[in-house]
Amino acid sequence: MTNPVRFGARNWLYGAAFAALALVLTGCGVGQPGSFGHVLQSGWIQADIDGNGTKDLIAQTNLADVVFNPEGEIIGWYVKVNPGSQLIKANNDGTYNLDALKGALTFNLVGGRNGSDNKPLLISGRKALEVQLAGNTAQPVAQTPITETNLGQNRLNATFTYTQGDVTVTKKVVLHPRQFSIQADVNVAGAGAYTLNFPGLATTTDPEVKALPSGAPAPTTTPGTIPNAAYAALQTSIGGLIHNSQTAAALLIRPQQGGQGGTPQQGPLNVTTVGGTDARLTVNASGPLALDIYGGKNELVHLYQGGYTELPGVFSPNIFGYISLYIAKFMTWLYSFLGNWGLTILVLTVTLRLLIWPLMQSQGRTTAKMQMVQPLMKEVQEKYKDDPAKVQAETMRLYREYDVNPVGCLSMFIPLPILFVLYGTIRNFEFDQGLAWLPDLSIPDPFWILGVLYVCANILQLYVSTRKAPQMFRQQAVMYLFFAYFALTFPAGVTLYWIIGTLIGTGQQYLINKQVEAHMAGGLQRVEKKTAPGGVNLGKSGATTKVTTAKTVTVEPSGKPSAGSSAPAKPGFRAMLEKAAQQAAEQQRQQQEKKKS
């Protein structure tokens, strides 16, 4: 049994450990806090990333940095583990430091690893969105790409044009800084049949390969050619309740649902799939192509917002996934009315807190009663400090007499799975706006204001919960300085949710404290059992059954019944302890005498 004085501290620490473990096991770890006041500016960057003397075009966004060569082929597809990370650093001489792109904070969908040291390669030679012309060996001659940045509409546009012999290839791509989705229009003039290649995933040697024949209820996982497919995909295999969704990758292609001008475009997708270490998707075409491309995390919320979870076989959620999906749909529904993601998070958090209010009420009452009975437990510890077994026995007796159920604290763990699912949902949600000073709710607060508010809210909650135990407050308050790091690295939407939830929980605990104090006004309420005189004849057998009745006695913190108690006075708590100690000493003396004789 845990030491009763430190019960609250350990209970809190167990909760913190459980939370940290859940974050690690579910891939919801944290990254590094950004520079104060700095916000990543999405846009186009020109740099010679492959070292061939020709500048490549890099789309820098919150979720990924995508590198195109002059022919519009993707030669680097760096998905960021932590949204908003600025991994491309500008040097003073106008060049760029690209070393962070091959570090642990990204994974490259078209990358590879060095065979000698197995470290990620910056450029592997693999290309996505690559047009191959059968029998055409001419060298491509590319024009200067045309780019456009429209952050108001969440768009980065680029047009690539090159000639290869007598064939002209034009690619128009649209990237979205806050989404993993890319729209691509490909037109090959002067040629008949051609192929459009998508190698990957370089993050895993044997990804799941699937394609859904049009009208089929489920995708086929057998590599081969599928005519008129609704979609084709390469995905990191995911199984079980716990997995790292932040480094699991997915590459999906399907006929474009909306053209560049907003006109719906749909057409056949004739695709060939290959699995194993050289897994890839190849689109077989003979005319213009309009594709929706998803290249990012194999994660439910992102796929849902991209409209891919409606396709059979794309993602099979577990129980937590279904909860996350319902939360994401509820958030989208709320936003359709509120028109503001900050208000959406506020309403969502309040709604969830109201649903778990009864569970938190039980835990809060236990916490309040534990605080009230602390003086008596301290007396027990001091009196029997050399006898741990006696401390445990007397503590259990205190719990029984004063109707304190320490197991009630475990009720706080019941809503934790839902809270963690909510956290994961908000963390992966693709917000398209900020709030007040926050430029984007999907990235950390660049001014650290939420970090300060987070610490203040938790210190306030701790004070309300431990106001009767200053030592416990001091022990736990220091830990919140450590948790401030989380607030600096979590997306602003997540930190906002934690702050709102903490303030609601603090208010609930304050109300509970007032109720418990009013109920126990003048002292603690001790439950005493008394056997009624005589017996009660129950049943035909004539057996006499003793009936016990419970009376509540108001007891001062010293252990003595108060003067206003309606029950007859009984020996004080200290007197009972002394009597028990005398009896134990007498028994020990008698046992020693028996041994001597």
Side-chain angles (χ1 to χ4, degrees), residues 23 26 28 62-63 83-84 151-155 176-181 245 257-258 294 296-297 299-311 314-315 317-360 414-445 449-450 453-454 457 487 490-508:
L23 294 180
T26 56
C28 296
N62 278 342
L63 300 182
L151 298 183
Q153 296 184 4
N154 191 32
R155 295 162 65 98
H176 306 277
R178 296 185 175 97
Q179 285 107 32
F180 286 122
S181 298
S245 62
Q257 304 301 295
Y294 178 95
K297 298 176 182 178
E299 192 277 324
L300 180 61
V301 175
H302 287 294
L303 290 169
Y304 161 71
Q305 289 188 272
Y308 292 93
T309 54
E310 299 176 359
L311 299 172
V314 169
F315 200 97
N318 54 34
I319 180 62
F320 297 123
Y322 279 111
I323 297 174
S324 180
L325 191 58
Y326 290 137
I327 292 174
K329 291 181 177 180
F330 183 57
M331 290 175 63
T332 304
W333 179 78
L334 285 175
Y335 180 76
S336 66
F337 291 98
L338 300 175
N340 183 284
W341 286 117
L343 292 177
T344 298
I345 293 176
L346 172 62
V347 174
L348 177 68
T349 308
V350 171
T351 301
L352 180 64
R353 282 287 176 170
L354 290 177
L355 290 176
I356 65 174
W357 186 277
L359 293 175
M360 303 307 293
I414 298 177
L416 280 182
I418 298 178
L419 294 177
F420 284 137
V421 171
L422 178 60
Y423 156 81
T425 304
I426 295 177
R427 182 181 194 266
N428 292 299
F429 206 87
E430 297 172 353
F431 298 99
D432 59 0
Q433 65 178 200
L435 177 68
W437 72 92
L438 303 169
D440 192 330
L441 291 174
S442 64
I443 63 175
D445 179 3
I449 296 175
L450 288 182
L453 295 177
Y454 173 83
F490 283 169
V494 174
T495 309
L496 186 62
Y497 148 69
W498 279 117
I499 292 173
I500 297 172
T502 300
L503 292 176
I504 294 175
T506 302
Q508 184 179 15

Should Leu441 and Pro491 count as side-chain neighbours, where that means a heavy-atom distance under 4.5 Å?
no

Output field: ring centroids Phe490/Tyr423 closer than 6.0 Å:
yes

Minimum heavy-atom distance Glu430-Gln305, with the two atoms named
N-OE1, 2.6 Å

Please confirm whether the ring centroid of Phe337 lies under 6.0 Å from the ring centroid of Tyr335.
no

Are any non-hydrogen side-chain atoms of Leu346 and Ile500 less than 4.5 angstrom apart?
yes

Straight-line distance of Thr344 OG1 to Ile426 CD1, nearest 0.5 Å
10.0 Å

For the pair Phe315 and Glu299, evaluate side chain to side chain contact (heavy atoms under 4.5 Å, CB included) and give the outcome as yes or no after the intermediate values.
CA-CA 8 Å; Phe315 200 97; Glu299 192 277 324; 5.8 Å; no

Can you confirm whether Phe431 sits close enough to Ile345 that some side-chain heavy atom of one is under 4.5 Å from a side-chain heavy atom of the other?
yes

Rounded at 0.5 Å granularity, tell me how far CG in Leu453 sits from OG1 in Thr495.
10.0 Å

Hey, is the main chain of Asn154 close enough, under 3.5 Å, to the side chain of His176 for a donor-acceptor pair?
yes

Identify, with sequence neighbours excluded, every residue that meets side-chain contact (heavy atoms from CB on, under 4.5 Å) alongside Ser324.
Val301, Val421, Thr425

Who passes salt bridge (charged side-chain N to carboxylate O under 4.0 Å, His left out) against Asp445, sequence neighbours left out?
none

Between His302 (side chain) and Phe429 (backbone), is there a donor-acceptor pair under 3.5 Å?
no

Taken to the nearest 0.5 Å, the spacing of Trp341 CH2 from Met331 CE works out to 5.5 Å

Non-hydrogen atoms of Pro83 and Pro444 that approach each other most closely:
O-CD, 4.0 Å

To the nearest 0.5 Å, what is the distance between CG on Leu438 and CG on Leu496?
7.5 Å

Which pair of heavy atoms, one from Leu422 and one from Ile327, lies closest together, and at what distance?
CD1-CG2, 3.5 Å

Please evaluate residues Tyr304 and Glu310 with respect to the criterion side chain to side chain contact (heavy atoms under 4.5 Å, CB included), reporting the C-alpha separation (whole Å), side-chain torsions for both, the decisive distance (0.1 Å), and the verdict.
CA-CA 8 Å; Tyr304 161 71; Glu310 299 176 359; 6.0 Å; no

To check you understand the geometry: which heavy-atom pair defines the closest contact between Tyr308 and Ser181, and what is its length?
CE1-OG, 4.3 Å

From Phe180 CZ over to Asn62 CG, what is the distance, rounded to the nearest 0.5 angstrom?
10.0 Å

Closest non-hydrogen contact found for Leu334 with Leu348 is CD1-N, 4.2 Å

Mind listing the closest non-hydrogen atom pair of Ile443 and Pro439 along with its distance?
CD1-CG, 4.4 Å

Nearest-0.5 Å distance that lies between atom CD in Gln179 and atom CG in Leu63
8.0 Å

